[in-house]
Amino acid sequence: MMRARVLVAEDNAEVARQLRRLLSDEFDVVGMVMDGASLLRVARIEAPDALVTDISMPGIDGLQAAEMLAQEGTACRFVFITVHNDPCLVARAARLGACGYVLKSAAGDELVPAVLAVLGGQAFVSPALQRAHAR
């Protein structure tokens, strides 16, 4: 059985290494990039099944890059990992279809389930974010 292929985009090298460790037991991490332009380049070459990306990155941010890939018709699924607890960003991400939105503070518990959910065609939003905006 083939493992899903995941590309990681994170501009903090230590956080990127932590994300790779979290993901590598379940998925094949096909690359790690640190900015939006590299994300676009590598995603177009590697055609990953899922993209785990920070939103705030130099140049093109992760959300902009995902929107560009979606407009190009990529089959890639998106999981945004961020410190931003902003309902406008969650809504913007949701317009891309079944995607994930994980707070960095919860990545240890939620990142793998989020990737699995989006690969299965389901959306995933960190429960802490859902609770915060349900009030």
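Note that this is a predicted model, so its numbers are computed, not measured.
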- request: Provide the closest heavy-atom pair for P48 versus A43 in the form atom of the first, atom of the second, distance.
  value: CD-O, 3.6 Å
task: Spell out, as yes or no, whether a donor-acceptor pair under 3.5 Å connects the side chain of R77 to the backbone of G97.
output: no
task: Go through M32 and R20 one step at a time and tell me if the side chain to side chain contact (heavy atoms under 4.5 Å, CB included) criterion holds.
output: CA-CA 8 Å; M32 292 178 30; R20 173 178 243 157; 3.3 Å; yes
- request: Return yes if some donor-acceptor pair links the side-chain N/O of D49 with the main-chain N/O of R5 below 3.5 Å, else return no.
  value: yes
field: For F80 against C99, the heavy-atom pair lying closest together
entry: CE1-SG, 4.2 Å
- request: Please assess V8 against V33 for the test side chain to side chain contact (heavy atoms under 4.5 Å, CB included), listing each intermediate value before the final yes or no.
  value: CA-CA 6 Å; V8 175; V33 298; over 6 Å; no
Linked, directly or transitively: V30 and L40 (ILVMFWY side chains, under 4.5 Å): yes
- request: Kindly say whether V15 contributes a backbone atom to a donor-acceptor pair with the side chain of N12 at under 3.5 angstrom?
  value: yes
Note: E67-R95 ion pair, threshold 4.0 Å (strictly below): no
- prompt: Where the side chain of R3 meets the backbone of S24, is there a donor-acceptor pair that is under 3.5 Å apart?
  reply: yes
task: Verify, without hydrogens or angle tests, whether D61 (side chain) and L63 (backbone) share a donor-acceptor contact under 3.5 angstrom.
output: yes
statement: For A117 and F124, the nearest pair of non-hydrogen atoms, with its separation, is CB-CB, 4.1 Å
message: Between R21 and E14, does any side-chain N to carboxylate O distance fall below 4.0 Å?
response: yes
query: Is K104 salt-bridged to E10, cutoff N-O under 4.0 Å?
result: yes
